[in-house]
Amino acid sequence: MSAELQPDLCVIGGGPGGLAVALGATASGKSVVVIEKNALGGRRLTESIPRHVLLTASRALDSAPRAADFEIAVDDSQFDFGHIRQQIAGAVAAIAPNYSQARIEAANITVISGSGRFTGPDTCEAGGETIRARHFVIATGAVSRRLPIQGVDAVRPLDCAALSALDRPPERLIVIGADPGELALAQALRRFGSEVTILSAHALFAGEDEELAAPVRAAFARDGIVVHEGVRISRIEPRGSGVRVVLASPGYERPVAGSHVLLSAGTTPAVEGMGLAAAGVRYDEAGIETNARLATSNWRIHAIGAAAKGSQEDGAAEWHAGHVLRAILGLPGGNLRGKVPARIVWTSPPIGWAGASEAQARAAHRHICILRWPLAETERARIERQPSGHVKLITTRSGTILGAGIVGGRAEELVTLFTLAISKHMTANDIASIMLPYPALASAARSAGMTFRDEKSYVQFDRLLAAWNQMIERQAGEFRQMAGVLSGKARRMFR
Ligand SMILES: Cc1cc2nc3c(=O)[nH]c(=O)nc-3n(C[C@H](O)[C@H](O)[C@H](O)COP(=O)(O)OP(=O)(O)OC[C@H]3O[C@@H](n4cnc5c(N)ncnc54)[C@H](O)[C@@H]3O)c2cc1C
C-alpha cells in the first residue's frame, strides 16, 4: 500500500454525476480523487446511450408510413438490425471523450481503479490506496433490481449491452416486470419485429397519470404486444436455446415460452458493500439519507443521484452535482428546496410529466383546476399528420401551475417548459401569454392555459356587477321618483 492520499475531495463513482462534481471542484482549485470500479462514464455509456439509439431507430422506422403519406418511398424491408450495432458504437464513441480518463486526468484529477469502501468517518480504501479527504461525494448510482424468482440466475437475461450485440431482434421476447424504461425498449423491439409478451404483477404504467397512460396502453395493444397483468411467476427455466417462464395460477401452472428474457424490475441504489456504517452514514435499501443540501448523517460526506434516497429521477445526478459543489465550496444556493421532479416515459407515444401529480395536488389543495388541450387542435400536429395526444395542466384556484404533463408529440421537449414554469411559480395566464414561433406543438400548452377561468376574479366581477345593478336600480328609482314629482309640478303649473 502506498502513502495515504489527502485530497480536498474524494468522489466515489465515476459516472456522469461524480465526474461533474470532480471537474467543478478541480476547476475551483481543489485537489480531487475519483474512485471508479468499472469504467468512467458509468451507466450512461453502457446502458442509457444504447437504449436511446434503439429507441431512435424504432421511431425512425415508425415514421416510414408517414413518409408514404407524402408519397416518399421508404423501403423498410431493407431494415438491418445489425446496423444498429454500428449506430450504437458510433454514438458511444462520439460521447465517450466527455468521460474519458485522459480528459479527467488532464484536469489534474487522480483516478483510482477499484471499489471504494469507507474504513472510518474520513477514510476510504480503493485499489490498494488509502484516501483521507476533507469531503467525500458518493455518486455510485443504481444497479438493476434483482427479482426473487426461482431459476432467474440460470438464464441470461438481456440487457442493453447484450441486445446491441445481436444481429437480429429477439424472436420471442418475454418481459418480466413493468419498469417504464424497459417497457419502452420492449415496444421498440416489437416494432423491429420481435414477438413481445409482458408478464407483470402490476398494471402497466400504474405510476403515471391514468389519462396520459391510457393512449400508451392502447398503442401497445395496437402494436400487438401481449400483456398479462397481475400474474405471479413461479419459476424460470432454460429451454433449449430459449427460456420457459412458468406462471402460477391457483390449481395449475401455465408455461410461456420465449427466445429471450428482459427483466424490467427497475433499479435500486448502489449502496451495498461500501462500509457506510463505518463512516457513520445512515442508509437503507431505498438509498442514503440526505438533507436538503444532500449532506448525509456524516457532515463531510454528500450523496448524489440515484444513491441518495428519493432521487431516482433521470437527470438527478448532474443536477445534484451543481448543488453539492456549491455546498462543498461554501457558496450559497446549494439547497434542493423547490425542486420540481420531472420524468419522461420514452414509449411511443411518449409521456412527460413535471411537478405534482393530480392525486398529490388534490391532497395538498382544497380546490384545483384541470386544464386540457388536444395536440390535434394545433396546426403543427395537422401539418405533421400526428393527431393523438394532449396536454394537461393542474393549477391552484388562482392559476398557479402545480403539475403538468403531456402524452404524444415531443413530450420530452415540451416537459422542460412545464418544469421551468412550475419552478418559477408561473400561472396558467403566464403560459397563455407566451409568444411562440409558428407552428409549434407548444401552442397546445398555451391554449390549455387560455382555458383557465380565474374563479376569484370571476367572483369579484360578479359582486361588482351586482353592486352596479343595485346602484342603477336605485338611481332609476330616484329618477322615476323625481320624474313623478316634476310631472306633478308641471301638471299643477299648466292646469
Ligand atoms: C437502460 C438504462 C437507460 C437509462 N436511460 C436514461 C435516460 O434516458 N435518461 C437519464 O437521465 N438516465 C437514464 N439512465 C440512468 C443513467 O444511467 C443515469 O442517469 C446516469 O448514468 C447517472 O449517472 P450517475 O453518475 O449518478 O450514476 P452511474 O452512471 O450509475 O455511475 C455510477 C458509477 O459508480 C461506480 N461505482 C458504483 N459503486 C462503486 C464503488 N463502491 N466504488 C467505485 N465505483 C463505484 C459504477 O461502476 C458507475 O460507473 C438509464 C439507465 C439505464 C440502466
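Values reported hereafter were calculated over all heavy atoms of this structure, with side chains retained and with hydrogens, waters and symmetry mates removed. Each ligand, and each atom within it, is numbered from 1 in the order the structure gives.
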I'd like to check whether [X] has a polar contact with ligand 1, where a contact means an N/O of the residue lying under 3.5 Å from an N/O of the ligand.
X	result
Ala306	no
Gly17	yes
Pro16	yes
Asn38	yes
Glu182	no
Met274	no

If you have a sec, work out which protein heavy atom is nearest [atom] and how many Å separate them, to one decimal?
atom	answer
atom 16 (C) of ligand 1	Ser48 CB, 4.4 Å
atom 17 (O) of ligand 1	Arg43 CB, 3.3 Å
atom 31 (O) of ligand 1	Gly15 CA, 3.4 Å
atom 21 (O) of ligand 1	Arg44 N, 3.4 Å
atom 9 (N) of ligand 1	Asp314 OD2, 3.3 Å
atom 45 (C) of ligand 1	Lys37 CG, 3.7 Å
atom 40 (C) of ligand 1	Gly116 N, 3.7 Å
atom 51 (C) of ligand 1	Glu47 CB, 4.3 Å

Where ligand 1 meets [X] - atom numbers and elements under 4.0 angstrom, heavy-atom basis:
X	value
Gly315	11 (O)
His52	7 (C), 8 (O)
Ala39	49 (O)
Gly42	29 (O), 31 (O), 48 (C), 49 (O)
Trp346	8 (O)
Gly114	42 (N), 43 (C)

Does the distance from a Lys or Arg side-chain N to an Asp or Glu carboxylate O, for [X] and [Y], drop under 4.0 Å?
X	Y	answer
Arg146	Glu272	no
Arg343	Glu313	no
Arg132	Asp122	yes
Glu384	Arg380	yes

Return yes if some donor-acceptor pair links the side-chain N/O of [X] with the main-chain N/O of [Y] below 3.5 Å, else return no.
X	Y	result
Asn298	Gly280	no
Thr26	Leu23	no
Thr140	Ala270	yes
Ser264	Asp179	yes

Out of Thr140, Asp159, Leu185, Leu163, whose heavy atom is nearest to atom 39 (C) of ligand 1? Thr140
Can you tell which of Ile288, Ile138, Ile12 makes a side-chain contact (heavy atoms from CB on, under 4.5 Å) with Ile301? Ile138
Just heavy atoms, cut-off under 4.0 Å: does [X] contact ligand 1 by side chain, backbone, both, or neither?
X	answer
Glu318	neither
Arg51	side chain
Ala316	neither
Ile12	side chain
Ala139	backbone

Would you indicate whether [X], at its atom [atom1], is surrounded by more than 12 heavy atoms from other residues, nucleotides or ligands within a distance under 6.0 Å?
X	atom1	answer
His425	NE2	no
Asn108	CG	no
Arg372	CZ	yes
Arg59	CZ	yes

Please test Arg191 against Ser348 for side-chain hydrogen bond (donor to acceptor under 3.5 Å, both in side chains), starting from the C-alpha separation and ending with a verdict. CA-CA 10 Å; Arg191 292 181 177 198; Ser348 179; 3.0 Å; yes
What is the minimum heavy-atom distance between Leu204 and Ala178, and which atoms define it? CD2-CB, 3.9 Å
Could you tell me how the ring of Phe205 sits relative to the ring of Phe220: parallel (under 30°), tilted (30 to 60°) or perpendicular (over 60°)?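 The arrangement is perpendicular - the two ring planes meet at more than 60°.
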Between ligand 1 and Gly181, can you find any atom pair, the residue atom being a heavy atom, that is separated by under 4.0 Å? no
